[in-house]
There are 2 protein chains.
Amino acid sequence: MPPSGHGRAAACASAGVRATGPAGGADARAAGPTDGRRYADVGPLATESGAVLPAVRMAYESWGTPNAARDNAVLVLHALTGDAHVVGPAGPDQPTPGWWPGLIGPGAPLDDRWFVVAANVLGGCRGSTGPSSKAPDGRPWGSRFPRITVRDQVRAEAALADQLGLPGWAAVIGGSMGGMRALEWGVMYPERVRRVVAVATTAAASADQIAWATPQLAAIRMDPAFAGGDYYGGPAPLAGMAVARQIAHVTYRSAQELDVRFGRAAQSGEDPTAGGRFAIESYLQYHGAKLAARFDPNSYLRLTESMNLHDIGRGRGGVDAALRRISGALTVAVVDSDRLYTPAEGARLATAPTARPLVTIHSDHGHDGFLVESDQVAEVVRGALAAPA
Amino acid sequence: MPPSGHGRAAACASAGVRATGPAGGADARAAGPTDGRRYADVGPLATESGAVLPAVRMAYESWGTPNAARDNAVLVLHALTGDAHVVGPAGPDQPTPGWWPGLIGPGAPLDDRWFVVAANVLGGCRGSTGPSSKAPDGRPWGSRFPRITVRDQVRAEAALADQLGLPGWAAVIGGSMGGMRALEWGVMYPERVRRVVAVATTAAASADQIAWATPQLAAIRMDPAFAGGDYYGGPAPLAGMAVARQIAHVTYRSAQELDVRFGRAAQSGEDPTAGGRFAIESYLQYHGAKLAARFDPNSYLRLTESMNLHDIGRGRGGVDAALRRISGALTVAVVDSDRLYTPAEGARLATAPTARPLVTIHSDHGHDGFLVESDQVAEVVRGALAAPA
């Protein structure tokens, strides 16, 4: 059963709120090895939808040091429910360990030759400005937070790069929603991106991807605790958030994996013929409740909408024309068992003029293979960085 | 947005209630061409879960006339949201036209040589005993309706056949959930089934199928109108029912179809970048609301649970042993683009000793191809009936 009450979603919301408070005003230019999240106030941002966010704050982590030429910077972009914490353990203000272990650090593809930056996405709930952040009137944005696009998110990241004094990236790397931003970086700022690494992603959200998102958005909105999006200070729509995550989680895994791993096994100590659960039901309920305890449903809505709106070809004469704008070397990797972002969608990206040969990650885990198969991802990144840019 | 209020779900519920009332007492033995739904009171039924339904009523339609040998009877079994109305127009008490047009009637595979019976499934909401029917205390069963299995459903259908004076079936035909019952008929009553036709179905629900069902069940139960299942007389959980149907609908169609048919088109007159919907979102919302207006959410829950519990091998030494119990000729058909009940699952069924060569229905429509491609289904049935039994 989905959880009830406010629970740890409050922590996520309060993190967003704190990001706009004076206590978060760390020196945005203090580069070098960090011990956690820093913040940069990057000013106003006019969204594609015509709204204005008057004071955007970006939360980020970094690893390594910029070199004298400042040409060793790499941007790593997280997926829907990720954050700036790419590697490292969980902590008091960090509910999850790093989501790409082995990517950054000694012996990893992004070792101390590189200055690595990872920012929480605009619209998120882990320190960057999002629906749970305070609006100028001191109340959380909530329902007033505008619909944003991947391009808006990338513009906010470009403003962060400006603040950090980074004229360009040796590579911009992302998977899934992070891959969408990596592609938009390559299209929007070709002169600033020497390499794009896009893993398990697509040039434009497909009808199928939007279809899977539709009941997720509906489940959150039908939760009476949602209150139209203005639930801060009260119970959060955790039940709706949990249902949304259950749907998403199935799309993230492969049928084969679920059948091999769970099959028709009963949950331990329960009898499905007598009202008990199958193990697969318990597994999905666990993951639904787990995300609901750490992730702000309004961020989930706005970020999902931004993925639905993702289309690098929009207003640019189509996908092929947009791909031609990318001047940096494009490395595309797909997961062979991915049923959400299919290998065919990656193959289309790999038709870009600057694309290297398509890389296939072998995994039984479906879309989540882009996280699970971190060794293979590390090889993808190693190969991309070794290629001429 | 999902609809609110009670709406036409009341009609479904009241149909269930009426089925247990005295007005529905048609002569169950009045075979021959009918002008609509009839009812048969088949007595008590002890479920596999250990509960007892003291007075089961089965709603059915029939076409044609039993011959003197009573060996021309065919049973047609509907899927999750279907009913006894296999062919024919909608009517005042029948919200949907026939779901397998072209299967029954002059020139169809089931022409007047056959006496065709179709019953609403036990647990349903279109006339047969289900959660919306009155319990002995005069109130709807609601949350008290027991968890039932496909085997319980087939036992109720066998009791109906007894009442109709039909010692056996020339064929038992079903798709999806109806195919599950067709298979159980062949396993439970081999002496009564000369042919089994199983379309777009499986020997046992897979982890993947149970996984897709999990957020559907959760969405209905999280709707505050659900009231633990005892919502009759008040508003029905239509929003939760609509979300469940949205999820199911995506599993029923193929990604390719959705991408070709809808792509990234905006809903007419709406702009997704300005808060409007994509056409695929509108389409799913329409189908969610449409089912919620005609189908009882408690029936949806109990029938979905029965599909999760479906496993012809349970208690019989496994699927292969169960398949060996089928003595009638088994015709299995799959839809090549079905991502819910995969062709591989059909191929497994076709390893049964009495199986004919696997038939593949070609369709872009995914699982729903078993309904959409009615011409191909008609050929499957024609071939099955022509084969020696």
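Letters A, B, ... mirror the listed sequences (proteins, then strands); counts begin at 1.
Of the inter-residue distances, the one linking A/Asp311 atom CG with B/Thr273 atom OG1 reads 11.5 Å to the nearest 0.5 angstrom. Distance check: A/Ile247 CD1 to B/Ile247 CD1 gives 3.5 Å after rounding to the nearest 0.5 Å. To the nearest 0.5 Å, the span separating CD on A/Gln256 from OG1 on B/Thr342 amounts to 11.0 Å. Taken to the nearest 0.5 Å, the CE atom of A/Met241 stands 11.0 Å off from the CE atom of B/Met222.
Nearest heavy atom pair, residue B/Phe278 against residue A/Leu309, reads CZ-CD2, 3.9 Å. Taking every heavy atom of both residues into account, A/Ala207 and B/Ile280 meet most closely at O-CG1, 3.7 Å. Residues B/Val243 and A/Pro215 approach most closely at CG1-O, 3.8 Å, considering heavy atoms.
Put simply, of A/Gln209, A/Glu257, A/Arg339, A/Gln216, the one with the most heavy-atom pairs under 4.5 Å next to chain B is A/Arg339. Ranked by heavy-atom pairs shorter than 4.5 Å toward chain A, the options B/Gly263, B/Ser49, B/Gly275 are led by B/Gly275. Note: B/Val250 leads B/Val250, B/Leu284, B/Thr149 in heavy-atom pairs under 4.5 Å with chain A. The residue among A/Thr214, A/Ile148, A/Val260 with the most heavy atom pairs within less than 4.5 Å of chain B is A/Thr214.
With a 4.5 angstrom heavy-atom cutoff, A/Thr47 does not touch chain B via any of its atoms. B/Pro224 touches chain A through its side chain: at least one heavy atom from C-beta onward sits under 4.5 Å away, while N, CA, C and O do not. Contact annotation for B/Arg261: neither backbone nor side-chain heavy atoms come within less than 4.5 Å of a heavy atom of chain A. At a 4.5 Å heavy-atom cutoff, the contact between A/Ala205 and chain B is made by backbone and side-chain atoms alike. Neither the backbone nor the side chain of A/Glu48 comes within less than 4.5 Å of any heavy atom in chain B. Contact of B/Ser306 with chain A is not made at all, since no heavy-atom distance falls under 4.5 Å. Heavy-atom distances place no part of A/Arg253 under 4.5 Å from chain B, backbone and side chain included.
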One pair to check against side-chain contact (heavy atoms from CB on, under 4.5 Å): B/Arg264 and A/Ile210. What are the steps and the verdict? CA-CA 9 Å; B/Arg264 297 187 47 75; A/Ile210 299 171; 3.8 Å; yes
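A donor-acceptor contact shorter than 3.5 Å links the side chain of A/Asp259 to the backbone of B/Asp208.
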